[in-house]
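Just follow the structure's listing: the first ligand is 1, and inside any ligand the first atom is 1. Note: hydrogens, waters and symmetry copies are ignored here, and every other heavy atom, side chains too, is used.
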Amino acid sequence: MNIEMEKISLANLPTKIERLDYTSNKFKRNIFIKRDDFTGIELSGNKVRKLEYALAEALSQGADTIITCGGIQSNHARATAAAATKLGLKSILILSSDEELPPNGNYLLDMLLGAEVRFISSEDYSHNLKAILNEVAENLKNEGRKGYIIPTGASNGIGTFGYFNALKEIVEQEKQLGLEFDTICCTVGSGGTYAGLCLGNKILNLNRQIIGFNISSTKEYFIDEVIKISKEFYSYLEGNNTLEEADIKIIDGNVGLGYALSTPEELKFLNDFAKNEGIILDPVYTAKAMKGLYSELGNPKTNYLNNSKNILFIHTGGLFGLFPKSLEFEFN
Ligand SMILES: *Cc1c(COP(=O)(O)O)cnc(C)c1O
């Protein structure tokens with residue numbers, strides 16, 4: 001099946017795939033990492049793949065301002081600010097924070113990139129976000145401008161083409177590597193990365209096992225979300241091969257203290273992984289997910305990985321979110 005969606009090119013693709021030697025030896029499997037943290041600098045991480053499609057849609061609708069949202073250290077908001085500026089558009093970022101913090105990490109980059117940053121409380125973020133985003137767009141309209149809203153993480157129908165196509169990229173790279181990944185893992189933060197990979201797997205009949213590690217909320221919440229995203233994805237296509245619960249394999253138990261909060265064990269894991277592999281994970285997403293993969297390989301909670309031989313983990317980026325946490329590391 002040939003599914004093509006219009007995009008603008010923003011990311012450095014294809015991103016390379018590397019073998020994790022220490023981790024592979026430790027668990028006696030072939031474990032690889034796809035460096036989607038290398039999609040760019042300002043435009044680094046998984047959100048760029050989604051923005052290639054979302055911003056093509058925004059331009060086709062004649063938008064002049066991109067409105068999006070996230071936590072104060074949102075990688076998605078920062079990537080959106082960078083992409084918008086690059087395309088000559090304005091950006092308004094609605095960020096959640098209950099304290100006034102100085103610009104640091106992604107928030108510093110948002111400011112440098114010329115985004116208009118507006119803070120709302122975490123309470124409003126959880127309960128009134130949609131209304132707030134719509135009001136921003138409405139106010140722009142009254143000024144004769146045109147806003148385009150991208151929801152949290154660009155995890156909607158259009159954004160999902162990013163990882164639908166990333167899976168095609170992986171299949172091409174397998175030919176060069178001379179192997180096939182039986183299992184592909186990623187972090188589940190707002191669900192669009194996972195949904196895109198799962199949809200690719202299902203629609204292209206690839207028969208891989210796609211595993212997600214949720215880093216907030218619960219597995220049950222994300223099963224519903226991922227199904228919903230798959231329906232939005234199909235609003236762009238003919239047919240109805242949407243995801244069902246049986247297609248979704250999410251491993252819970254790695255949320256720790258909650259979204260964007262780190263335990264000393266998680267930070268130690270991030271530090272050990274850096275020392276063993278020479279790769280820096282991020283504290284909010286990929287360290288929790290990789291730690292989840294380690295526990296699953298070492299002491300399985302599910303049987304998902306028992307027969308996995310060639311495993312690919314997607315490094316979805318997030319480096320800038322590490323710097324505001326520098327004082328939390330034990331070597332301080
Ligand atoms: C947003 C994000 C994720 C989660 O991806 P979703 O598509 O939102 O589930 C993972 N890693 C990093 C670094 C991110 O910024």
With the side chain counted from C-beta on, respond yes when [X] and [Y] share a heavy-atom pair under 4.5 Å apart, and no when they do not.
X	Y	answer
Y285	N46	no
T187	I215	yes
F119	E100	no

Practice task
Could you see which bit of N46 sits under 4.0 Å from ligand 1, with heavy atoms only: side chain, backbone, both or neither?
Solution key: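 It is the side chain that touches ligand 1; the backbone stays farther off.
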
Atom indices of ligand 1, in the order listed, that fall short of 4.0 Å to a heavy atom of [X]:
X	value
S155	7 (O), 8 (O)
S190	6 (P), 8 (O), 9 (O)
K50	6 (P), 7 (O), 8 (O)
N75	13 (C), 14 (C), 15 (O)

Below 4.0 Å from ligand 1: does a non-hydrogen atom of [X] turn up there or not?
X	result
G45	no
G192	yes
H76	no

Exercise for the section: Please write down residue, atom name and distance for the protein heavy atom closest to atom 14 (C) of ligand 1. Expected result: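 Of every protein heavy atom, K47 NZ, 2.9 Å lies nearest to atom 14 (C) of ligand 1.
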
Within the structure, does [X] bring an N/O atom to less than 3.5 angstrom of an N/O atom in ligand 1?
X	answer
V188	no
Y285	no
G318	no
T193	yes

Problem - Shortest heavy-atom approach to atom 11 (N) of ligand 1 - which of D37, T316, T286 - result: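 Among D37, T316, T286, the closest heavy atom to atom 11 (N) of ligand 1 belongs to T316.
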
Check whether more than 12 heavy atoms from other residues, nucleotides or ligands sit under 6.0 Å from atom [atom1] of [X], and answer yes or no.
X	atom1	result
E330	CD	no
N307	CG	no
K301	NZ	yes

Problem - K47/E52 ion pair, N-O < 4.0 Å - result: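 Salt bridge between K47 and E52, a charged N being under 4.0 Å from a carboxylate O: no.
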
Handout entry: Euclidean distance, I251 CD1 relative to L305 CG, rounded to 0.5 Å
Key =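 L305 atom CG to I251 atom CD1 measures 5.5 Å (nearest 0.5 Å).
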
Exercise for the section: Over 60° means perpendicular and under 30° means parallel, so classify the ring planes of F161 and Y53, tilted if in between. Expected result: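 If you compare the ring of Y53 with that of F161, the planes turn out tilted.
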
